[in-house]
Amino acid sequence: MGYGGVAVGGDVSYYQQMIDSITDYEVIRLDENGVICSWHPGAERLTGYTASEIVGRPVSVFYLPEDIAAGRLEQELRTAVEKGRCETEGYRVRKDGSRFWAAVSVTPIRERDGSMVGYVKIARDLSERREQQLAALAVEQMLDAITDYEVIRLDAQGYVRSWSPGAQRLKGFAVEEVLGHHVSMFYTEEDVRAGLAEREMGIAARQERFEGEGWRVRKDGSRFWATVTLSPIRDEGGELIGFVKVARDLTERREQEQLLARQRDEILELSTPVIQVWDKVLVLPLIGTLDSLRAARLTEGLLERIARDQAEVVIMDISGVPAIDTDVAQHLLKTVEAARLMGTVSVLSGVRPETAQAIVHLGIELGTLRSRNTLRDALQLALRLVAGADRDTVDA
Amino acid sequence: MPEDVPIIRMGPNLLVALQGNLDDTTVEQIERAVTGEVARTQATGTLIDVSGLSIVDSFVARVLARLVAMIRLLGAEATIVGLQPAVAITLVELGVPMGHVRTALNAEQGMARLRGSRDEPDR
């Protein structure tokens with residue numbers, strides 16, 4: 001037997017029986033021009049051709065037209081002759097025109113004197129493995145395409161088993177700096193001491209998911225506010241084999257939220273000013289639309305000021321309020337009543353004609369609330385009240 | 001609340017300073033002590049200072065309203081002083097009826113109001 005060649009002498013029928021018993025592979029012989037000379041059940045199973053249909057036809061019937069045009073068949077045969085063997089993978093065509101991914105090996109057959117008599121071609125259907133490869137590749141590329149998130153895999157003990165460009169972008173670590181390291185390297189010192197990473201994984205394992213937010217550390221030591229999701233990975237038997245960790249940098253959003261809250265507070269502060277116009281007299285000029293948040297803030301701020309300044313009279317000027325609905329009116333009256341319980345008299349001023357109509361049509365009970373047309377009149381009343389005239393007799 | 005309810009006499013008026021927590025027993029003590037003292041001294045006015053109460057809820061508010069009604073029945077004027085902002089808001093939100101109860105910011109102002117209102121025909 002020569003190197004890499006296949007014996008052609010000896011008892012051929014034994015070899016044929018051997019080959020016929022191989023059903024997962026196609027093992028056929030070609031002549032030196034690439035014409036098929038032998039066939040067997042494994043080949044029929046793979047390609048769909050019977051022996052009578054295929055023997056005598058060129059092997060090129062299995063190739064895609066574009067591969068033939070590219071001269072791949074000739075190239076493979078030439079390589080086999082030159083190197084003693086040619087192994088390739090690629091799409092081949094069945095009898096019904098469908099394609100399959102084949103691993104093909106072509107080996108030349110030589111006479112004892114070394115002259116070429118043909119080839120042995122062994123092929124196997126690897127479509128399934130190819131599909132899995134493509135799927136895995138797609139997943140990998142998908143993960144790599146996610147750059148706003150960190151998507152990584154941990155083993156059951158929390159050691160990093162995969163890294164992604166998103167993770168690198170987020171944390172600054174290159175893949176070789178983190179693989180095999182424990183996930184706690186991304187946690188702050190306090191959290192490491194508190195065993196936070198282990199606790200999060202414990203929750204994820206028990207509840208099939210963990211979601212949380214917290215400070216994490218970048219390679220350069222800087223902190224960022226991250227939202228983290230941990231999901232367990234299990235094998236077929238349900239055994240925990242690791243975790244998928246998805247993290248995102250929320251620092252910017254958090255800062256924006258805080259800024260927004262601060263600005264809202266400032267605006268509320270500005271929108272509900274309380275002015276002390278006289279000893280023991282406060283004026284609350286209301287401007288713009290009152291929503292419930294603003295109204296609540298207004299009540300709180302006003303009562304605090306009453307307590308601080310020991311104000312006896314409060315003038316609420318609503319000339320700058322475009323419209324008063326039931327909620328706002330009720331809220332104003334509650335404020336008046338709360339101020340009264342503290343011992344302070346309230347005077348309303350600047351009620352517009354349409355507001356007066358609205359309040360009465362809404363059926364809101366005004367009680368003993370005094371009202372004056374203008375802030376000037378209201379102030380006069382307030383001064384008389386403070387001057388000691390009895391508050392129950394001063395009225396008009 | 002201590003055993004003895006602190007009641008201070010200031011001329012024709014009384015100042016009752018409520019402190020700490022009110023429960024059923026202390027409320028009874030207070031009502032007994034205040035009504036007894038108003039009757040004994042023939043006081044014309046009574047100030048109830050609530051700034052020392054740790055909690056003012058609807059129970060305490062009802063107690064206060066009751067106390068005011070008792071004092072009025074004895075022919076004296078009653079004023080509640082020293083209600084804190086948070087308490088005032090809570091009472092209004094709870095809808096506790098305190099409409100007829102007179103109030104003042106502090107004891108001084110309360111005294112001035114008691115003096116001014118005494119001789120009014122409608123009171």
Can you tell me how far apart [atom1] ([X]) and [atom2] ([Y]) are? Round to the nearest 0.5 Å.
X: Q84(B); Y: L341(A); atom1: CD; atom2: CG; result: 12.5 Å
X: T335(A); Y: I89(B); atom1: OG1; atom2: CD1; result: 7.5 Å
X: L105(B); Y: T344(A); atom1: CG; atom2: OG1; result: 4.0 Å

Could you tell me whether [X] atom [atom1] has more than 12 heavy atoms of other residues or ligands within 6.0 Å of it?
X: W215(A); atom1: CH2; result: yes
X: E108(B); atom1: CD; result: no
X: Q258(A); atom1: CD; result: yes
X: F224(A); atom1: CZ; result: yes
X: E190(A); atom1: CD; result: yes

Inset, instruction - Among the options K334(A), E337(A), E304(A), E300(A), pick out the one with the most heavy-atom pairs lying under 4.5 Å from chain B. - result: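 Answer, by heavy-atom pair count under 4.5 Å with chain B: K334(A).
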Inset, instruction - Kindly indicate whether the side chain of M342(A), heavy atoms from C-beta on, has any atom under 4.5 Å from the side chain of P85(B). - result: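 The answer is yes, as the side chains (C-beta and beyond) meet within the 4.5 Å cut-off.
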Legend entry - Per-residue contacts, residues 309-321 of chain A versus chain B, heavy atoms under 4.5 Å: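 The list, in residue order, reads Q310(A), A311(A), E312(A).
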Inset, instruction - Among V87(B), L91(B), V92(B), V81(B), single out the residue with the greatest number of heavy-atom pairs under 4.5 Å to chain A. - result: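 When all of V87(B), L91(B), V92(B), V81(B) are compared, V92(B) has the most.
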